[in-house]
Every structure is written in C-alpha cells, then in structure tokens.
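By convention here, the first residue in the shown sequence is residue 1.
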Amino acid sequence: LCYHPDLPAWAACGLCVVKQENSPKLLRACAAPVQENLSIITHDAELYQIRKTVIEMIMSNHPNECLTCARNGTCELQRFAAEFGVREQPYEVRIAELPQDTSTTSLVLDPRKCIKCGRCVQICQDMQGVYALEFIGRGDNTLMSPAAGLPLNDSPCIKCGQCAAHCPVGAIFEKDETQDLIRAISDPEKHVVVQIAPAVRVAVGEAFNLPAGTITTGKIYSALRRLGVDTVFDTNFSADLTIMEEGSELVKRLTTGEGAIPQITSCCPAWTDYMEKYYSDMIPNFSSAKSPMMMQGAITKTYYAENAKIDPANIYSVAIMPCTAKKFEISRDENMYVSGHADVDLVLTTREFARLIQASGIDFVKLEDEEADSPIGKYAGAGTIFGNTGGVMEAAIRTAYNLITGEDLKDVNIEAVRGMDGVRTGEVDIKGTKVKVAVAHGMANVSDLLEEVRHARDNNLEPPYHFIEVMACRGGCISGGGQPYASTDDVREKRIAGLYTDDEKATVRCSHQNPEIQQIYDEFLGAPLS
C-alpha cells in the first residue's frame with residue numbers, strides 16, 4: 001500500500017512481507033535488495049495471515065465509509081480487504097475525529113482516512129519539490145498535513161493533484177462538481193458549451209476498460225451530446241491559437257529585443273502558481289498568453305457568442321481537463337472575464353467526466369464517433385500534442401519556423417524535444433537562427449534550470465535558453481492530477497504515443513495551417529499579438 005513505481009520504496013506499510021529461507025527474518029519485499037544466492041518464500045499460510053492482519057490493523061484506524069467515499073471501487077485498501085476476505089474487525093476501532101480540509105478550490109483532504117503510507121508526502125516533496133505536505137507528529141498521532149497544521153490553501157500547494165493521484169485511499173481527492181454540470185444542462189436558460197483537453201482523449205477510455213492511449217475523441221463528443229450538452233468544442237483548437245500567439249511572441253522577443261529571454265510557457269496553472277511563489281522575479285519571462293483552456297473560454301463567450309447570437313450571460317462554459325489545478329485557474333482574477341463574465345464557469349477532471357458517463361447509462365465503448373462543432377472545434381496535429389511533455393515546444397517550433405522563414409518545415413517531427421527525461425535541452429536551427437530550448441516536467445526538475453537562467457541574468461551573461469516549456473506533472477498533462485488512477489511510466493508512454501498517433505493522422509499538423517484558426521484571425525482577432 002505504500003509502494004508506487006514513481007517512488008523509491010521505503011517499506012512503510014508492511015503488506016509485502018516475505019520470508020528469507022533458512023532465516024528467522026521477515027523482509028519487506030519492496031525495499032529488500034537482491035543478493036547472490038538469496039532464496040525467498042513469497043507465499044505460505046503464515047505470510048497470508050500476517051498480511052491479512054496488517055490489513056485488519058490498518059482498517060481499525062480507517063472509517064468504514066466505502067459507499068460514500070470518493071475512491072469507492074478504485075481504493076487499493078478496499079481491493080486488498082476483498083482479496084484477503086476480511087469480513088469482520090477483530091481489533092478495537094479507533095478513528096481520529098479530524099475535520100476535512102476544503103480550503104482550496106481543487107482538492108479535499110480527509111485526514112481521517114489517511115493510512116500513513118506516506119506516498120503523498122514523497123510525491124509532494126521529492127517528485128514535485130513543493131513541500132506542501134509533510135509528516136506531523138509521531139506514532140498513532142502522525143498526520144500527513146501542511147506544516148504547522150495550516151489549511152492546504154495557506155501552504156505552498158500548487159494544486160497539481162499529484163498527491164490525490166498517488167493516494168491509495170480516499171484521504172485526498174478532487175472536489176467533485178459533476179452536479180453543477182447536471183444542473184446547468186437541466187436549466188433551459190443556459191446554453192452549455194463544453195471543451196475537452198488534449199490529454200483527456202487518450203485516458204478516459206481506461207475507465208471503460210480500453211487500453212491506455214486509446215484515442216476516444218469522437219466518442220467523447222458523442223457522449224457529451226447524449227448528456228445533453230448544447231455545443232461541443234475542443235481545447236485543441238485553442239492550443240493552436242496559443243501557438244499562434246505564443247510563437248509570435250517568441251519571434252518578437254527574439255527579433256526586437258522586447259521582452260525577457262528566455263520566454264517560458266504559461267499553459268500549466270500549477271507551474272504558474274509555483275513560479276509566482278518561488279521565482280516571482282522571473283514573471284517577466286512568462287509568455288503573456290493565457291492557457292488554451294482560458295483562451296477557449298474567452299473565445300466561446302465573445303466570438304462564438306457573437307456568431308451564434310447568444311447572450312454570453314446565458315452561456316455556461318465547461319472544460320473537461322486532466323488537471324485539478326485547472327479548477328483553481330478559473331478562480332484567478334486577472335483578465336479571465338473578457339466578456340464581462342467568467343471565461344470558464346466549471347472544470348471537471350477526467351475522473352469526474354468518466355463517472356458522469358457511467359452514471360448516465362451511456363455505453364461509451366459502443367458510441368459512434370462524432371465531430372466537434374464549428375467554428376472553434378477543428379484542430380491541427382500540433383494542438384493535440386500539447387497534452388504531453390515537449391508537445392508545446394514542438395508545436396511552437398513548427399509554427400515559429402514558418403513565422404521566421406515564411407516556409408513550412410518539411411519534417412514536422414521534432415525528436416529533440418521528445419522523451420521522458422526530467423529535463424531535456426537542445427538547439428533548433430531555423431535556417432541559420434539558432435534557438436536554444438529546454439523542456440522540463442515534474443516540478444522538482446525545474447529549479448536547477450531556473451537557477452541557471454537566473455545566474456546568467458544576474459551576471460549579464462547570454463541567456464542559456466531562448467524558450468523553456470514546463471509542465472508540473474511527470475509526462476505532462478497525460479498524467480495530470482485528474483487523470484484515471486494508476487498512472488505509471490508505462491501508462492504515460494502509452495498515452496503519449498496515443499497523442500502522437502492523433503497528430504500523425506491529422507491532415508493538418510501545424511497550428512498556422514488550421515483553417516478555423518485562419519478564419520478567426522480574419523473575422524475577429526485580426527492578427528497574432530493584436
């Protein structure tokens with residue numbers, strides 16, 4: 001229960017206990033190093049009973065609230081209790097009466113359900129480098145909590161949700177807001193518009209027993225219409241729009257000297273929050289572009305509302321996202337109300353969306369594929385790869401090449417920025433213009449990169465990079481805090497492969513070639529950076 005492939009084993013729970021042959025010692029398998037001539041007994045009657053006892057002891061401090069728990073059906077403790085046939089509680093039940101922490105707009109902490117496995121602390125500190133959670137107290141009184149027992153919203157938390165994605169039980173989970181969408185659909189005064197993020201299409205199928213990485217875009221559009229949504233758009237369209245703006249901004253910074261170099265992507269709200277808290281002196285390096293989700297919301301309540309002759313006050317804008325931090329992003333004040341109304345009214349995670357489909361009796365796997373609505377639903381292949389690490393960078397290079405040279409790349413696959421290394425650096429030659437780039441994912445990998453940039457700036461040296469892409473979660477949005485549980489590198493690579501397949505199948509693979517992007521500039525926006 002404490003082990004996860006993303007983390008170093010540390011033998012907290014004792015469930016994986018095994019015997020070493022010809023030795024009285026019991027070992028915890030997750031942390032026992034392999035040695036020459038080691039002989040291990042993994043299963044026998046005694047080990048079965050020990051493991052069952054461990055589960056019963058954990059359950060003696062765990063609320064018996066499975067039916068109302070956010071992890072009902074996906075809880076790892078629940079699964080082991082079923083496998084070991086736990087039917088009674090032989091130990092005195094002692095449940096700590098601790099309040100839920102609902103201080104953030106994204107996550108809920110329920111410390112009563114914490115089994116002290118430590119995964120959330122390890123993730124927050126080692127993989128994310130945020131240190132919003134830590135061990136408080138000792139023995140039975142140990143808590144996983146923000147320092148000094150502060151509310152989560154008053155801690156350094158960036159709402160990335162990786163703690164929730166790795167928690168084996170229901171001690172940390174996303175705020176469920178599916179009822180808000182149901183109410184909006186039921187309101188005859190509301191025109192409900194939904195957008196879906198790139199990473200959702202290669203992950204939501206896992207909730208319906210499809211292999212990780214299966215592209216389900218058309219089925220998602222179909223499911224949304226069967227739920228009663230009025231209009232279905234795609235965040236991939238605004239990913240293309242982001243590239244037009246962000247790519248143009250990069251070219252302007254490089255050619256005119258206006259604006260800080262390196263330019264750093266601003267699509268990830270957890271990363272934005274992290275930079276503001278830890279590297280506020282580098283805010284001028286941020287791209288001025290909103291995230292694709294917020295761009296899509298703004299365009300929906302202006303350009304779309306104008307074309308469809310709908311009062312933006314009556315449009316209810318919803319986003320299906322792989323990310324818990326997106327719930328936080330829509331509450332930010334700066335420029336998120338361009339129509340006079342919130343750009344995006346509601347964010348549901350992939351997990352919430354999957355539950356809603358299941359509860360509505362829709363046979364997702366058998367749905368016929370449908371298309372998104374126009375005029376802001378079509379996307380280029382560049383838009384879809386936004387969902388994985390390196391994707392924003394690759395999409396930007398494809399269009400920046402055209403903006404600088406007036407020509408299109410012959411080979412749009414930019415292999416230099418692909419991969420799963422925590423930090424990847426390289427140099428892209430755009431017809432003699434050398435652009436130094438860096439890609440980072442997983443927040444703990446970012447600080448060294450930024451310190452390098454800061455050192456160059458403070459010492460009046462040449463910037464080590466011109467363009468930096470950062471995504472808070474390992475692998476990028478494909479393993480965001482709101483994606484289906486059990487993300488591992490194997491699952492991440494399959495989801496990433498799904499997005500690259502979607503890109504390769506696209507008839508248009510560069511953002512500036514998307515005809516609906518060209519149309520919105522002709523009819524409404526004028527030109528990039530206008």
Side-chain angles (χ1 to χ4, degrees), residues 1-62 64 66 71 74-94 96 113-128 133-144 162-163 165-172 420 422 442 444 474 479 485-493:
L1 280 167
C2 62
Y3 175 77
H4 192 282
D6 286 345
L7 299 167
W10 74 304
C13 74
L15 193 59
C16 68
V17 65
V18 294
K19 291 180 180 178
Q20 183 174 346
E21 197 170 24
N22 301 319
S23 170
K25 293 175 64 177
L26 293 174
L27 305 177
R28 298 194 177 194
C30 68
V34 174
Q35 302 172 30
E36 192 71 27
N37 300 318
L38 193 66
S39 181
I40 293 293
I41 298 168
T42 59
H43 293 85
D44 66 13
E46 183 183 12
L47 288 171
Y48 177 92
Q49 192 56 51
I50 291 171
R51 291 169 186 157
K52 184 177 181 182
T53 300
V54 169
I55 295 167
E56 290 168 342
M57 291 177 69
I58 291 171
M59 291 175 63
S60 72
N61 293 308
H62 191 77
N64 188 14
C66 292
R71 291 299 300 270
T74 62
C75 172
E76 295 176 42
L77 177 60
Q78 188 182 53
R79 175 167 63 87
F80 283 128
E83 285 180 7
F84 280 84
V86 176
R87 298 290 180 266
E88 57 188 30
Q89 181 50 271
Y91 301 104
E92 178 188 353
V93 176
R94 293 183 299 169
K113 295 179 181 176
C114 177
I115 61 171
K116 301 176 176 58
C117 68
R119 280 193 203 172
C120 61
V121 175
Q122 283 188 297
I123 284 292
C124 189
Q125 296 186 4
D126 299 336
M127 195 163 93
Q128 297 301 83
L133 295 171
E134 59 181 76
F135 295 98
I136 305 289
R138 297 173 66 85
D140 285 350
N141 296 319
T142 301
L143 290 175
M144 282 62 177
Q162 287 303 312
C163 53
H166 288 80
C167 177
V169 294
I172 311 176
M420 283 291 287
R474 179 166 174 78
S479 64
Y485 293 113
S487 290
T488 62
D489 276 357
D490 179 58
V491 171
R492 292 182 182 103
E493 286 168 2

Output all residues satisfying ring-ring contact (aromatic ring centres under 6.0 Å, His included) with Tyr91, sequence neighbours left out; order by chain, then residue number.
-> none
Test item: Ile123 and Leu7 side chains (from C-beta on) under 4.5 Å apart, heavy atoms = yes
Tell me, please, which residues at least two apart from Tyr3 pass side-chain contact (heavy atoms from CB on, under 4.5 Å).
-> Pro5, Ala9, Cys30
Residue pairs meeting salt bridge (Lys or Arg N to Asp or Glu O under 4.0 Å), one or both in residues 29-53, sequence neighbours left out, come to Lys19-Asp44, Lys19-Glu46
Worked check of side-chain contact (heavy atoms from CB on, under 4.5 Å) between Asp6 and Gln162 | CA-CA 11 Å; Asp6 286 345; Gln162 287 303 312; 5.5 Å; no
For side-chain contact (heavy atoms from CB on, under 4.5 Å), just list the numbers for Gln20 and Ile41, CA-CA rounded to whole Å, side-chain angles, deciding distance to a tenth of an Å, and then say yes or no.
-> CA-CA 6 Å; Gln20 183 174 346; Ile41 298 168; over 6 Å; no
Using a 4.5 Å cut-off on heavy atoms from C-beta on, say whether the side chain of Ser39 contacts that of Asn22.
-> no
Calculate, to the nearest 0.5 Å, the distance between atoms SG and CD1 belonging to Cys163 and Ile172 respectively.
-> 4.0 Å
When every non-hydrogen atom of Asp489 is compared with those of Arg492, the smallest separation belongs to OD1-NH1, 2.8 Å
Distance-minimising heavy-atom pair for Val54 and Cys13 = CG1-O, 3.5 Å
Qualifying residues under side-chain contact (heavy atoms from CB on, under 4.5 Å), relative to Ala171, sequence neighbours excluded = Lys113, Cys114, Cys167, Val169
Shortest non-hydrogen contact from Met420 to Arg474?
-> O-NH1, 3.8 Å
Could you walk me through whether Met144 and Val121 pass side-chain contact (heavy atoms from CB on, under 4.5 Å), step by step?
-> CA-CA 7 Å; Met144 282 62 177; Val121 175; 3.5 Å; yes
Go through the steps for Val17 and Leu27 under the test side-chain contact (heavy atoms from CB on, under 4.5 Å), then give the verdict.
-> CA-CA 5 Å; Val17 65; Leu27 305 177; over 6 Å; no
Got Met57 and Met59 here, is their nearest side-chain heavy-atom distance under 4.5 Å?
-> no
Side chain proximity check, Cys117 to Pro168, heavy atoms < 4.5 angstrom | yes
With Phe84, which residues qualify under ring-ring contact (aromatic ring centres under 6.0 Å, His included), at least two apart?
-> Tyr48
To the nearest 0.5 Å, tell me how far Leu15 CG sits from Ile55 CD1.
-> 5.0 Å
Sorted by first residue and then second, give each salt bridge (Lys or Arg N to Asp or Glu O under 4.0 Å) pair with at least one member in residues 115-127; sequence neighbours left out.
-> Glu76-Arg119
So which heavy atom on Glu56 is nearest to which on Pro90, and how close?
-> OE1-CG, 3.5 Å
